[in-house]
Colleague: 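Let me begin by handing over the structure; questions about it come next.
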Number of protein chains: 2
Amino acid sequence: MTDPRPRWTRAQQRRQTEDNILAAAREMFARLGYDRTTIRAVAKAAGVDAGLVMHYFGTKDALFSRAAEVPAGDLPHGSAEETVEALLDSLASRLASEPVASLAVLRSMLTHGDAADRYRAAAGPQLNQITASIPADDADLRASLLSAIVHGVIIERWLLQFSGLADASPDRIIELLRPAFRALATAQTPPSTTDDPNR
Amino acid sequence: MTDPRPRWTRAQQRRQTEDNILAAAREMFARLGYDRTTIRAVAKAAGVDAGLVMHYFGTKDALFSRAAEVPAGDLPHGSAEETVEALLDSLASRLASEPVASLAVLRSMLTHGDAADRYRAAAGPQLNQITASIPADDADLRASLLSAIVHGVIIERWLLQFSGLADASPDRIIELLRPAFRALATAQTPPSTTDDPNR
DNA sequence: GTCTATAACCCGATAGAC
DNA sequence: GTCTATCGGGTTATAGAC
(Lines give C-alpha, C1' and ligand atoms only; values in the text may rest on other atoms or scores of the structure.)
Protein backbone atom coordinates (compact mmCIF):
# COMPACT_ATOMS: atom_id res chain seq x y z
CA MET A 1 0.00 0.00 0.00
CA THR A 2 2.98 2.34 -0.08
CA ASP A 3 2.93 4.82 -2.88
CA PRO A 4 5.88 4.08 -5.17
CA ARG A 5 5.88 7.62 -6.50
CA PRO A 6 7.75 10.05 -4.26
CA ARG A 7 5.93 13.13 -3.04
CA TRP A 8 8.73 15.25 -4.56
CA THR A 9 10.88 14.67 -7.55
CA ARG A 10 14.59 14.05 -7.16
CA ALA A 11 15.40 17.60 -8.20
CA GLN A 12 12.91 19.05 -5.74
CA GLN A 13 14.25 16.85 -2.97
CA ARG A 14 17.78 17.96 -3.73
CA ARG A 15 16.77 21.59 -3.74
CA GLN A 16 15.01 21.17 -0.43
CA THR A 17 18.09 19.58 1.11
CA GLU A 18 20.30 22.33 -0.30
CA ASP A 19 18.07 24.97 1.24
CA ASN A 20 18.24 23.25 4.61
CA ILE A 21 22.01 23.17 4.41
CA LEU A 22 22.20 26.80 3.35
CA ALA A 23 19.92 27.90 6.18
CA ALA A 24 22.04 26.05 8.73
CA ALA A 25 25.22 27.44 7.21
CA ARG A 26 23.92 31.01 7.25
CA GLU A 27 22.95 30.79 10.90
CA MET A 28 26.30 29.34 11.87
CA PHE A 29 28.41 31.70 9.77
CA ALA A 30 26.47 34.61 11.26
CA ARG A 31 26.98 33.41 14.82
CA LEU A 32 30.54 32.08 14.72
CA GLY A 33 32.17 33.55 11.63
CA TYR A 34 33.83 31.73 8.75
CA ASP A 35 36.75 30.06 10.51
CA ARG A 36 34.88 28.60 13.46
CA THR A 37 32.06 27.28 11.35
CA THR A 38 32.84 23.71 10.32
CA ILE A 39 31.32 21.68 7.54
CA ARG A 40 30.66 18.92 10.04
CA ALA A 41 28.66 21.17 12.33
CA VAL A 42 26.65 22.62 9.45
CA ALA A 43 25.83 19.14 8.23
CA LYS A 44 24.73 18.03 11.67
CA ALA A 45 22.54 21.10 12.10
CA ALA A 46 20.94 20.43 8.72
CA GLY A 47 20.43 16.77 9.57
CA VAL A 48 22.62 15.46 6.77
CA ASP A 49 26.06 14.00 6.33
CA ALA A 50 29.18 16.11 6.01
CA GLY A 51 30.16 14.35 2.82
CA LEU A 52 26.89 15.38 1.25
CA VAL A 53 27.59 19.02 1.94
CA MET A 54 30.93 18.73 0.19
CA HIS A 55 29.27 16.88 -2.67
CA TYR A 56 26.74 19.66 -3.14
CA PHE A 57 28.94 22.70 -2.70
CA GLY A 58 32.45 21.49 -3.43
CA THR A 59 34.41 23.57 -0.96
CA LYS A 60 33.80 25.45 2.24
CA ASP A 61 34.47 28.70 0.42
CA ALA A 62 31.82 27.93 -2.16
CA LEU A 63 29.35 27.12 0.62
CA PHE A 64 30.08 30.48 2.21
CA SER A 65 29.65 32.24 -1.10
CA ARG A 66 26.21 30.73 -1.53
CA ALA A 67 25.16 31.20 2.09
CA ALA A 68 26.37 34.80 2.21
CA GLU A 69 24.65 35.98 -0.95
CA VAL A 70 23.16 39.30 -0.06
CA PRO A 71 21.14 41.42 -2.49
CA ALA A 72 22.90 44.65 -3.43
CA GLY A 73 20.89 47.19 -1.50
CA ASP A 74 20.47 50.31 -3.57
CA LEU A 75 18.89 53.63 -2.74
CA PRO A 76 16.52 55.63 -4.94
CA HIS A 77 18.04 58.63 -6.66
CA GLY A 78 17.17 62.05 -5.34
CA SER A 79 18.31 65.11 -3.50
CA ALA A 80 20.58 65.00 -0.48
CA GLU A 81 17.61 65.31 1.85
CA GLU A 82 15.77 62.50 0.09
CA THR A 83 18.86 60.33 0.17
CA VAL A 84 19.22 60.91 3.89
CA GLU A 85 15.64 59.81 4.43
CA ALA A 86 16.12 56.76 2.23
CA LEU A 87 19.27 55.86 4.13
CA LEU A 88 17.47 56.27 7.43
CA ASP A 89 14.61 54.09 6.18
CA SER A 90 17.06 51.42 5.13
CA LEU A 91 18.76 51.62 8.51
CA ALA A 92 15.44 51.44 10.34
CA SER A 93 14.55 48.16 8.71
CA ARG A 94 18.01 46.76 9.35
CA LEU A 95 17.67 47.74 13.00
CA ALA A 96 14.36 45.93 13.22
CA SER A 97 15.71 42.73 11.71
CA GLU A 98 18.93 42.19 9.81
CA PRO A 99 18.98 39.30 7.33
CA VAL A 100 21.05 36.35 8.49
CA ALA A 101 23.05 36.29 5.27
CA SER A 102 24.10 39.86 5.86
CA LEU A 103 25.11 39.06 9.42
CA ALA A 104 27.23 36.20 8.10
CA VAL A 105 29.13 38.65 5.91
CA LEU A 106 29.51 41.19 8.69
CA ARG A 107 30.66 38.63 11.24
CA SER A 108 33.37 37.29 8.96
CA MET A 109 34.49 40.40 7.12
CA LEU A 110 37.39 41.26 9.44
CA THR A 111 39.01 37.84 9.27
CA HIS A 112 37.96 36.37 5.93
CA GLY A 113 39.04 38.05 2.74
CA ASP A 114 36.09 36.88 0.66
CA ALA A 115 33.67 38.24 3.23
CA ALA A 116 35.41 41.61 3.14
CA ASP A 117 35.15 41.65 -0.65
CA ARG A 118 31.47 40.83 -0.42
CA TYR A 119 30.98 43.62 2.07
CA ARG A 120 32.69 46.14 -0.19
CA ALA A 121 30.72 44.94 -3.18
CA ALA A 122 27.43 45.36 -1.31
CA ALA A 123 28.30 48.76 0.14
CA GLY A 124 29.84 50.15 -3.04
CA PRO A 125 26.76 51.00 -5.12
CA GLN A 126 24.99 52.50 -2.13
CA LEU A 127 28.07 54.60 -1.49
CA ASN A 128 28.12 55.87 -5.05
CA GLN A 129 24.49 56.91 -4.87
CA ILE A 130 25.03 58.77 -1.64
CA THR A 131 28.06 60.49 -3.12
CA ALA A 132 26.12 61.53 -6.20
CA SER A 133 23.38 63.11 -4.13
CA ILE A 134 25.67 65.32 -2.05
CA PRO A 135 26.58 68.65 -3.64
CA ALA A 136 30.07 69.17 -2.26
CA ASP A 137 33.70 68.71 -3.22
CA ASP A 138 34.22 66.15 -0.49
CA ALA A 139 31.01 64.25 -1.24
CA ASP A 140 32.89 60.96 -1.34
CA LEU A 141 34.28 61.43 2.14
CA ARG A 142 30.90 62.49 3.49
CA ALA A 143 29.30 59.43 1.93
CA SER A 144 31.99 57.19 3.41
CA LEU A 145 31.32 58.62 6.84
CA LEU A 146 27.58 58.07 6.51
CA SER A 147 28.24 54.50 5.46
CA ALA A 148 30.67 53.97 8.35
CA ILE A 149 28.08 55.23 10.82
CA VAL A 150 25.43 52.86 9.53
CA HIS A 151 27.77 49.90 9.73
CA GLY A 152 29.10 50.85 13.14
CA VAL A 153 25.58 50.96 14.53
CA ILE A 154 24.60 47.67 12.91
CA ILE A 155 27.72 45.93 14.18
CA GLU A 156 27.33 47.08 17.76
CA ARG A 157 23.64 46.26 17.78
CA TRP A 158 23.63 42.82 16.19
CA LEU A 159 27.14 41.44 16.54
CA LEU A 160 28.63 42.94 19.68
CA GLN A 161 25.26 43.49 21.34
CA PHE A 162 26.41 46.60 23.05
CA SER A 163 24.00 47.41 25.81
CA GLY A 164 22.19 50.60 24.91
CA LEU A 165 22.20 49.84 21.23
CA ALA A 166 21.15 46.20 21.31
CA ASP A 167 17.74 46.91 22.78
CA ALA A 168 17.01 50.52 21.82
CA SER A 169 13.97 51.12 19.67
CA PRO A 170 14.82 51.65 15.99
CA ASP A 171 12.64 54.76 15.91
CA ARG A 172 14.57 56.51 18.64
CA ILE A 173 17.88 55.68 17.00
CA ILE A 174 16.64 57.03 13.67
CA GLU A 175 15.37 60.24 15.26
CA LEU A 176 18.71 60.83 16.96
CA LEU A 177 20.71 60.11 13.84
CA ARG A 178 18.63 62.27 11.48
CA PRO A 179 20.26 65.60 12.46
CA ALA A 180 23.71 64.01 12.33
CA PHE A 181 23.03 62.61 8.87
CA ARG A 182 21.68 65.94 7.67
CA ALA A 183 24.79 67.68 8.95
CA LEU A 184 26.95 65.29 6.96
CA ALA A 185 24.89 65.31 3.79
CA THR A 186 24.49 69.05 3.46
CA ALA A 187 27.69 70.88 2.63
CA GLN A 188 28.07 73.76 4.99
CA THR A 189 31.22 75.24 6.42
CA PRO A 190 30.59 75.43 10.13
CA PRO A 191 30.74 79.03 11.44
CA SER A 192 33.13 77.75 14.04
CA THR A 193 36.60 77.77 15.47
CA THR A 194 38.95 78.11 12.52
CA ASP A 195 39.30 80.88 9.96
CA ASP A 196 38.69 80.10 6.32
CA PRO A 197 42.07 79.92 4.57
CA ASN A 198 40.44 80.33 1.15
CA ARG A 199 39.26 83.88 1.57
CA MET B 1 89.65 36.13 24.44
CA THR B 2 85.87 35.86 24.51
CA ASP B 3 84.20 37.78 27.27
CA PRO B 4 82.54 35.27 29.61
CA ARG B 5 80.14 37.89 30.98
CA PRO B 6 77.08 38.37 28.83
CA ARG B 7 76.24 41.84 27.65
CA TRP B 8 72.82 41.46 29.33
CA THR B 9 71.75 39.52 32.35
CA ARG B 10 69.52 36.49 31.99
CA ALA B 11 66.46 38.44 33.14
CA GLN B 12 67.13 41.24 30.68
CA GLN B 13 67.67 38.77 27.88
CA ARG B 14 64.42 37.05 28.71
CA ARG B 15 62.56 40.33 28.81
CA GLN B 16 64.01 41.30 25.45
CA THR B 17 62.91 38.01 23.93
CA GLU B 18 59.43 38.38 25.42
CA ASP B 19 59.09 41.82 23.92
CA ASN B 20 60.11 40.52 20.51
CA ILE B 21 57.51 37.79 20.74
CA LEU B 22 54.83 40.21 21.88
CA ALA B 23 55.60 42.62 19.06
CA ALA B 24 55.38 39.84 16.49
CA ALA B 25 52.16 38.53 18.07
CA ARG B 26 50.57 41.97 18.08
CA GLU B 27 51.33 42.55 14.43
CA MET B 28 49.98 39.16 13.46
CA PHE B 29 46.85 39.30 15.61
CA ALA B 30 46.14 42.76 14.17
CA ARG B 31 46.57 41.59 10.59
CA LEU B 32 45.00 38.12 10.68
CA GLY B 33 42.87 37.96 13.81
CA TYR B 34 43.02 35.46 16.64
CA ASP B 35 42.13 32.24 14.85
CA ARG B 36 44.44 32.58 11.86
CA THR B 37 47.40 33.61 13.95
CA THR B 38 49.39 30.52 14.90
CA ILE B 39 51.93 30.14 17.66
CA ARG B 40 54.34 28.70 15.14
CA ALA B 41 54.10 31.70 12.85
CA VAL B 42 54.52 34.14 15.74
CA ALA B 43 57.62 32.26 16.87
CA LYS B 44 59.10 32.29 13.40
CA ALA B 45 58.45 36.03 13.01
CA ALA B 46 60.12 36.64 16.35
CA GLY B 47 63.06 34.45 15.44
CA VAL B 48 62.52 31.96 18.25
CA ASP B 49 61.17 28.47 18.69
CA ALA B 50 57.47 27.73 19.06
CA GLY B 51 58.08 25.78 22.25
CA LEU B 52 59.68 28.84 23.79
CA VAL B 53 56.55 30.91 23.16
CA MET B 54 54.47 28.32 24.97
CA HIS B 55 57.02 28.18 27.75
CA TYR B 56 56.82 31.93 28.26
CA PHE B 57 53.09 32.49 27.90
CA GLY B 58 51.52 29.12 28.63
CA THR B 59 48.60 29.23 26.22
CA LYS B 60 47.62 31.01 23.06
CA ASP B 61 44.87 32.81 24.94
CA ALA B 62 47.35 34.14 27.48
CA LEU B 63 49.60 35.33 24.66
CA PHE B 64 46.67 37.19 23.15
CA SER B 65 45.79 38.72 26.48
CA ARG B 66 49.31 40.10 26.85
CA ALA B 67 49.62 41.19 23.24
CA ALA B 68 46.21 42.87 23.22
CA GLU B 69 46.63 44.86 26.39
CA VAL B 70 45.28 48.28 25.58
CA PRO B 71 45.24 51.16 28.06
CA ALA B 72 41.72 52.14 29.08
CA GLY B 73 41.27 55.38 27.20
CA ASP B 74 39.38 57.83 29.35
CA LEU B 75 38.12 61.31 28.59
CA PRO B 76 38.40 64.37 30.81
CA HIS B 77 35.21 65.37 32.59
CA GLY B 78 33.39 68.41 31.33
CA SER B 79 30.39 69.78 29.53
CA ALA B 80 28.84 68.15 26.51
CA GLU B 81 30.70 70.53 24.20
CA GLU B 82 34.00 69.81 25.92
CA THR B 83 33.35 66.08 25.77
CA VAL B 84 32.66 66.31 22.06
CA GLU B 85 35.97 68.08 21.53
CA ALA B 86 37.81 65.54 23.68
CA LEU B 87 36.21 62.71 21.74
CA LEU B 88 37.17 64.35 18.46
CA ASP B 89 40.74 64.82 19.70
CA SER B 90 40.92 61.17 20.67
CA LEU B 91 39.54 60.16 17.29
CA ALA B 92 41.99 62.42 15.48
CA SER B 93 44.97 60.71 17.06
CA ARG B 94 43.50 57.28 16.37
CA LEU B 95 43.01 58.28 12.74
CA ALA B 96 46.63 59.36 12.50
CA SER B 97 47.96 56.13 13.94
CA GLU B 98 46.09 53.44 15.79
CA PRO B 99 48.15 51.32 18.22
CA VAL B 100 48.77 47.79 16.98
CA ALA B 101 47.45 46.27 20.21
CA SER B 102 44.17 48.06 19.69
CA LEU B 103 43.96 46.83 16.11
CA ALA B 104 44.52 43.30 17.38
CA VAL B 105 41.47 43.64 19.61
CA LEU B 106 39.36 45.20 16.88
CA ARG B 107 40.33 42.61 14.27
CA SER B 108 39.40 39.72 16.52
CA MET B 109 36.41 41.08 18.40
CA LEU B 110 33.73 39.69 16.08
CA THR B 111 34.99 36.12 16.20
CA HIS B 112 36.84 35.77 19.50
CA GLY B 113 34.92 36.15 22.75
CA ASP B 114 37.87 37.37 24.81
CA ALA B 115 38.58 40.08 22.27
CA ALA B 116 34.95 41.22 22.42
CA ASP B 117 35.15 41.38 26.22
CA ARG B 118 38.32 43.42 25.98
CA TYR B 119 36.66 45.77 23.54
CA ARG B 120 33.68 46.29 25.83
CA ALA B 121 35.96 46.81 28.81
CA ALA B 122 37.95 49.46 26.96
CA ALA B 123 34.90 51.25 25.56
CA GLY B 124 32.86 51.08 28.76
CA PRO B 125 34.45 53.83 30.87
CA GLN B 126 34.60 56.19 27.91
CA LEU B 127 30.95 55.50 27.29
CA ASN B 128 30.02 56.31 30.87
CA GLN B 129 31.85 59.61 30.73
CA ILE B 130 30.12 60.59 27.53
CA THR B 131 26.78 59.64 29.01
CA ALA B 132 27.42 61.69 32.13
CA SER B 133 28.22 64.78 30.10
CA ILE B 134 25.05 64.74 28.03
CA PRO B 135 22.03 66.45 29.67
CA ALA B 136 19.22 64.36 28.27
CA ASP B 137 16.99 61.45 29.20
CA ASP B 138 18.41 59.32 26.45
CA ALA B 139 22.02 60.23 27.18
CA ASP B 140 23.03 56.57 27.21
CA LEU B 141 21.70 55.97 23.74
CA ARG B 142 23.31 59.14 22.42
CA ALA B 143 26.63 58.07 23.93
CA SER B 144 26.29 54.63 22.41
CA LEU B 145 25.73 56.17 19.00
CA LEU B 146 28.76 58.42 19.36
CA SER B 147 30.84 55.41 20.32
CA ALA B 148 29.46 53.37 17.42
CA ILE B 149 30.38 56.14 14.99
CA VAL B 150 33.94 56.32 16.27
CA HIS B 151 34.40 52.58 16.01
CA GLY B 152 32.75 52.38 12.60
CA VAL B 153 35.13 54.96 11.23
CA ILE B 154 38.17 53.32 12.80
CA ILE B 155 37.21 49.89 11.47
CA GLU B 156 36.62 51.05 7.91
CA ARG B 157 39.82 53.09 7.90
CA TRP B 158 42.26 50.64 9.44
CA LEU B 159 40.79 47.19 9.05
CA LEU B 160 38.63 47.25 5.93
CA GLN B 161 40.62 50.04 4.32
CA PHE B 162 37.60 51.45 2.62
CA SER B 163 38.71 53.80 -0.09
CA GLY B 164 37.70 57.31 0.86
CA LEU B 165 38.26 56.68 4.54
CA ALA B 166 41.59 54.87 4.40
CA ASP B 167 43.47 57.81 2.95
CA ALA B 168 41.46 60.86 3.97
CA SER B 169 43.18 63.40 6.16
CA PRO B 170 42.24 63.12 9.85
CA ASP B 171 41.57 66.85 10.01
CA ARG B 172 38.94 66.75 7.29
CA ILE B 173 37.23 63.81 8.90
CA ILE B 174 37.16 65.58 12.23
CA GLU B 175 35.77 68.78 10.72
CA LEU B 176 32.99 66.85 9.01
CA LEU B 177 32.10 64.87 12.10
CA ARG B 178 32.05 67.81 14.50
CA PRO B 179 28.55 69.04 13.58
CA ALA B 180 27.24 65.47 13.65
CA PHE B 181 28.73 64.90 17.10
CA ARG B 182 27.33 68.18 18.38
CA ALA B 183 23.90 67.24 17.11
CA LEU B 184 24.08 63.97 19.03
CA ALA B 185 25.54 65.38 22.22
CA THR B 186 23.20 68.32 22.60
CA ALA B 187 19.61 67.37 23.37
CA GLN B 188 17.41 69.26 20.98
CA THR B 189 14.19 68.25 19.31
CA PRO B 190 14.73 69.00 15.65
CA PRO B 191 12.32 71.64 14.33
CA SER B 192 11.65 69.32 11.44
CA THR B 193 9.23 67.11 9.60
CA THR B 194 7.05 65.59 12.28
CA ASP B 195 4.75 67.26 14.75
CA ASP B 196 5.59 67.07 18.42
CA PRO B 197 3.22 64.56 20.04
CA ASN B 198 4.01 65.93 23.51
CA ARG B 199 2.44 69.32 23.05
C1' DG C 1 22.36 9.68 -4.49
C1' DT C 2 23.77 9.06 0.06
C1' DC C 3 26.94 8.00 3.47
C1' DT C 4 31.26 5.72 5.64
C1' DA C 5 36.08 5.59 5.97
C1' DT C 6 40.14 7.71 5.60
C1' DA C 7 43.77 10.45 3.60
C1' DA C 8 46.65 14.50 4.27
C1' DC C 9 47.46 18.35 6.87
C1' DC C 10 47.86 21.73 10.63
C1' DC C 11 46.90 23.03 15.14
C1' DG C 12 47.92 23.74 20.40
C1' DA C 13 50.12 21.68 23.96
C1' DT C 14 53.44 18.45 26.36
C1' DA C 15 57.59 15.83 27.52
C1' DG C 16 62.19 15.49 27.54
C1' DA C 17 67.03 15.98 25.50
C1' DC C 18 70.84 19.12 25.59
C1' DG D 1 66.97 28.26 29.21
C1' DT D 2 66.39 26.71 24.71
C1' DC D 3 64.92 23.69 21.29
C1' DT D 4 63.49 18.98 19.15
C1' DA D 5 60.15 15.51 18.80
C1' DT D 6 55.77 14.09 19.35
C1' DC D 7 51.07 13.44 21.16
C1' DG D 8 46.21 13.93 20.57
C1' DG D 9 42.73 16.14 18.28
C1' DG D 10 40.63 18.85 14.81
C1' DT D 11 40.01 20.31 10.08
C1' DT D 12 38.93 20.06 4.79
C1' DA D 13 38.68 17.17 1.17
C1' DT D 14 38.69 12.67 -1.31
C1' DA D 15 37.81 7.80 -2.52
C1' DG D 16 34.85 4.25 -2.62
C1' DA D 17 31.06 1.16 -0.59
C1' DC D 18 26.17 0.61 -0.67
Colleague: Output all residues satisfying side-chain hydrogen bond (donor to acceptor under 3.5 Å, both in side chains) with B:D138, sequence neighbours left out; order by chain, then residue number.
Modeller: B:R142
Colleague: Could you state the CE-C1' distance from B:M54 to C:dA13, rounded to the nearest angstrom?
Modeller: 5 Å
Colleague: Mind checking if B:Y56 touches a base, just sugar-phosphate, or nothing, with heavy atoms under 4.0 Å?
Modeller: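 Here B:Y56 touches the backbone only, sparing every base.
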Colleague: Grab the CZ-C1' distance between A:R15 and C:dG1 for me, whole Å please.
Modeller: 18 Å
Colleague: Scan residues 60-69 of chain A against DNA chain D and write down, sorted by residue number, each residue with any heavy atom closer than 4.0 Å; if none is found, say none.
Modeller: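 Going residue by residue through residues 60-69 of chain A, the ones with a heavy atom under 4.0 Å of DNA chain D turn out to be A:K60.
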Colleague: Per the ring-ring contact (aromatic ring centres under 6.0 Å, His included) rule, what does the pair list look like for residues 72-101 of chain A, sequence neighbours excluded?
Modeller: none
Colleague: Polar atom pairs between nucleotides 3-6 of chain D and protein, under 3.5 Å, N or O only, would you list them?
Modeller:
residue : atom : partner : partner atom : Å
D:dT4   : OP2  : B:D49   : OD1          : 3.3

Colleague: Please report the distance, rounded to the nearest Å, between CD1 in B:I39 and P in C:dG12.
Modeller: 5 Å
Colleague: Describe, in one word, how the ring planes of B:Y34 and B:F64 are oriented to each other, choosing from parallel (under 30°), tilted (30 to 60°) and perpendicular (over 60°).
Modeller: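 If you compare the ring of B:Y34 with that of B:F64, the planes turn out perpendicular.
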Colleague: Considering all heavy atoms of both residues, which atom of A:D140 and which atom of A:L127 are nearest to each other, and what is their separation?
Modeller: O-CD2, 4.4 Å
Colleague: Taking ring pair (Phe, Tyr, Trp, His ring centres under 6.0 Å) as the test, write out the residues that go with B:Y119, two or more places apart.
Modeller: A:F162, B:H151
Colleague: So, using side chain to side chain contact (heavy atoms under 4.5 Å, CB included) as the criterion, who are the partners of B:E69 when residues are at least two apart?
Modeller: B:R66, B:R118
Colleague: Only counting residues at least two apart or in another chain, list the ones meeting salt bridge (Lys or Arg N to Asp or Glu O under 4.0 Å) with A:R15.
Modeller: none
Colleague: Over how many whole Å does the gap from B:K44 atom NZ to C:dC10 atom C1' extend?
Modeller: 13 Å
Colleague: Listed by chain and number, what are the side-chain hydrogen bond (donor to acceptor under 3.5 Å, both in side chains) partners of A:D117, not counting sequence neighbours?
Modeller: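 In terms of side-chain hydrogen bond (donor to acceptor under 3.5 Å, both in side chains), with neighbours along the sequence ignored, A:D117 is linked to A:R120.
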Colleague: In residues 19-38 of chain B, what residues come within less than 4.0 Å of DNA chain C, judged by heavy atoms?
Modeller: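 When residues 19-38 of chain B is checked for heavy atoms under 4.0 Å from DNA chain C, the hits, listed by number, are B:T37, B:T38.
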Colleague: Partners of B:A132 by side chain to side chain contact (heavy atoms under 4.5 Å, CB included), sequence neighbours excluded?
Modeller: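 None.
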Colleague: Which pairs pass side chain to side chain donor-acceptor pair (under 3.5 Å) with one or both residues in residues 157-171 of chain A, sequence neighbours excluded?
Modeller: none
Colleague: List the residues meeting salt bridge (Lys or Arg N to Asp or Glu O under 4.0 Å) with B:E27, not counting sequence neighbours, and say none if there are none.
Modeller: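 Listed in chain order: B:R31.
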